[in-house]
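Everything below concerns the one structure shown next.
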Amino acid sequence: MNSIKRNRFSRIYFFAVILILFMILYYTSTNYQGSEYKYNDFLEDLNGGKIAQLIISQNKEIPTGKLIIKRKDNERRIVYVPDVNKVIEDVNEANKTEGINIEPNISDVKRDSLFLTTIVPMLLLGVMVIVVLMIMNANAGGGGGKMANFGKSRAKMVVEVINMDYSKVAGLKEEKEELEEIVDFLKNPKKYIQLGARIPKGVLLEGPPGTGKTLLAKATAGEAGVPFFTISGSDFVEMFVGVGASRVRDLFGEAKKNSPCIIFIDEIDAVARRRGTGMGGGHDEREQTLNQMLVEMDGFGINEGIIVMAATNRVDILDPAILRPGRFDRKVMVGRPDVKGRKEILEVHAKNKPLGDDVDLQQIAQITAGFTGADLENLLNEASILAAKAGKAYLTQEEINKAMIKVGIGKEKRSKIISEKEKKITAYHESGHAILFHVLPDVGPVHTVSVIPTGAGAAGYTMPLPSKDEMFLTKGKMLQDIMVGLGGRIAEELIFDDITTGASQDIKQVTAAAKAMVTRYGFSQRLGLINYDDDSDDVFIGRDLAHSKGYGENTATAIDEEIRAIIDDCYQKAKAIIESHMEQLHASAKLLMEKEKIGQEEFEALFD
Ligand code: ADP
Ligand code: MG
Ligand code: ZN
């Protein structure tokens, strides 16, 4: 609040100064002639008998007027006078005493002189100045504001006191839990400081667009009841060099005065892209901004009561420097919601919408796998528009169905609707991977199995919990990895008549692993301890083309055969394992169809 007010004041000062400057300029320039020939000069001329003619222009209502003087030497002079009556008196006096005879010729000019010639244009000028400044001001942040702001801009820095809390954020249970300690810290920093606890300075929210990152950040501020400073990374782009950095400085400065508080940097990837990757050094501005941000984050103490939150959907392109300890060392993944989450989100957004009896939110949740919170909100909104158009008093399933087509098939196919069949195939596919992860000794255990589309093109995923950091890959582990990789396709084969293209990524990985075993690690007896790998890690792609393979056709065939043999062998073993766990395969797939995402405990319980 503070900063906005102060900011507006400083801008008003700026206007005022400019206006005054213009006024001074105007007065000095228009009064210049007048200052040559003043009323006293006129009196002198009058008494000296040098005046040939005098015309007095005057408006009826006001005493001020303009004297148009024609001298006997044919020179014209103009004098503005505050009071015409005084002039007439003076002229009459002169007529009497000096014996000259001049008739003042009074022409009644409508609101003449001073008003029309001076004040009106001045006002116009002032208005113009204000308009220009206002336009510049409105553009601030987009780049146009540079002039008006002189780098002191806080135009896009918004401070809010948020009156919402976690109840408005549906689903995202684990995410909210992870942020709980931050809320508690902001509510009562002393408690933590006394115990010497270190609370993270930065929290990075990561996830696809529309999953509720901004919402979550706001709700965190609301939940803790602290001010929320927000600025978007894209605001920093395309600014004068130095402006971005100075904005960051301002932002942190203000925040420090208002701690405890939350600073939220939306779309942080716009500023915090990996440095030094720009061509021709064109990204100086962004780098400066990023550097300033890092400096500020390192600058404030651990428990100053400022939590910097940031959101991105491109964590892969972020500069690793921002993820270092003491910066954004806490990451919260905000994923696409599962069925339960989707139902809760639908409930939140259906609150202010009258629903017909035939609308079943649970059912909508079930058919919208892959939808984000924003997609669901959009879906209900489209449906209410359709209902309003049709003149209905409430939403029916009919509108929901229509909206589904519009939203699902509509823009960018971001949220594709997944059929039950696709979901079933994915559920078996992922369960196949998961069972092998669980059964094989050197891989796994299973952390999560999910059939929620990832947005990166995958229909689901199985995530193991890597138990320990390993220096070496053993031959046994590599073979098991290959078996796990084949598990998805095997499960599909065992259950369905047909197979899908969904395993292409698996096949690629499996092939790469088997190839490395043969050509790089010397795991194949037949080919021996020889490196057949042509160092394809080389920076110059062209070198691969220039180099000939270091071996002949026969060896190439042998390599291919060995790779094939490894994969075939793994395939047989993996198939045998899954066949002996059919019960678990069905159970796991069923559970996945129902819940879309299952954790370690639930999955392992299937094996008891
Ligand atoms: P992001 O910042 O991740 O791109 P937003 O927080 O801007 O997504 O979410 C966009 C909109 O989608 C929100 O304003 C809200 O209406 C809806 N939304 C997203 N996630 C949720 C959620 N978990 N609960 C309720 N509404 C949500
Ligand atoms: Mg957002
Ligand atoms: Zn797979």
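Order of appearance sets the numbers: ligands from 1, and atoms from 1 within every ligand.
- The shortest N or O to N or O distance between V348 and ligand 1 is not below 3.5 Å.
- For atom 23 (N) of ligand 1, the nearest protein heavy atom (residue, atom name, distance) is A170 O, 2.8 Å.
- Counted within 6.0 Å of NE2 on H447, heavy atoms from surrounding residues, nucleotides or ligands total 12 or fewer; the atom is thus considered open.
- Under a 4.0 Å heavy-atom criterion, G210 is in contact with ligand 1.
- Scanning both residues, G460 and T426, for their nearest heavy atoms gives N-CG2, 4.0 Å.
- For the pair G171 and ligand 1, the shortest N or O to N or O distance does not fall below 3.5 Å.
- The nearest heavy-atom contact from the protein to atom 2 (O) of ligand 1 is T214 OG1, 2.6 Å.
- Residue D506 approaches the Zn ion (ligand 3) most closely through its N/O/S atom OD2.
- Residue contact check: H349 has heavy atoms under 4.0 Å from atoms 15 (C), 16 (O), 17 (C), 25 (C), 26 (N), 27 (C) of ligand 1.
- Looking at H433, its N, O or S atom nearest to the Zn ion (ligand 3) turns out to be NE2.
- Among L215, L346, N313, the residue whose heavy atom sits closest to atom 27 (C) of ligand 1 is L215.
- Excluding waters, the count of protein N/O/S atoms less than 2.8 Å from the Mg ion (ligand 2) comes to 1.
- Residue-ligand proximity, I345 to ligand 1, at heavy-atom distances under 4.0 Å covers atoms 22 (C), 23 (N), 24 (N).
- Assignment of E344 to the shell around ligand 1 is not supported, since no heavy atom sits closer than 4.0 Å.
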